[in-house]
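What follows is a single structure, written as structure tokens, with notes after it.
Each residue takes its place number in the sequence, starting with 1. What you see below is based on every heavy atom in this structure, not just the backbone, and it leaves out hydrogens, waters and symmetry mates.
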Amino acid sequence: MSKPIELSAHDLNGNGGVFCPSPKADMKLWNSHPRVFLDIAKTGKAKCPYCGTVYQLKEGEVVGHGH
């Protein structure tokens, strides 16, 4: 099992998530699976159903809700 990809709150999009495949995981888009949205804000981590990559917030990171 590979190490989780640690994200800061600033790495998340406006909906509190990321897309996989992701350049943050050093993935090349030309040879990867279909793009899928992963909600990180809800629990602090998410696992891609295609490739199994785990994305998680770095320890101490807080996702802001609203502006």
Side-chain donor/acceptor pairs under 3.5 Å, residues 6-16, sequence neighbours excluded:
from: S8; atom 1: OG; to: H10; atom 2: N; distance (Å): 3.4
from: S8; atom 1: OG; to: D11; atom 2: OD2; distance (Å): 3.4
from: D11; atom 1: OD1; to: K24; atom 2: NZ; distance (Å): 3.0
from: D11; atom 1: OD2; to: S8; atom 2: N; distance (Å): 2.8
from: N13; atom 1: OD1; to: N15; atom 2: N; distance (Å): 2.9
from: N13; atom 1: OD1; to: G16; atom 2: N; distance (Å): 3.2
from: N13; atom 1: OD1; to: G17; atom 2: N; distance (Å): 3.2

All N/O donor-acceptor pairs, side-chain side in residues 49-58, below 3.5 Å, sequence neighbours left out:
none

> So, for C20 and L38, which heavy atoms are closest and what is the spacing to 0.1 Å?
Replying inline: CB-CD1, 3.9 Å
> Do you know which two heavy atoms are closest between P21 and P34, and how far apart they sit?
Replying inline: CD-O, 4.0 Å
>> Taking the side chain as everything from C-beta on, heavy atoms only, tell me whether K47 gets closer than 4.5 Å to P4.
In response: no
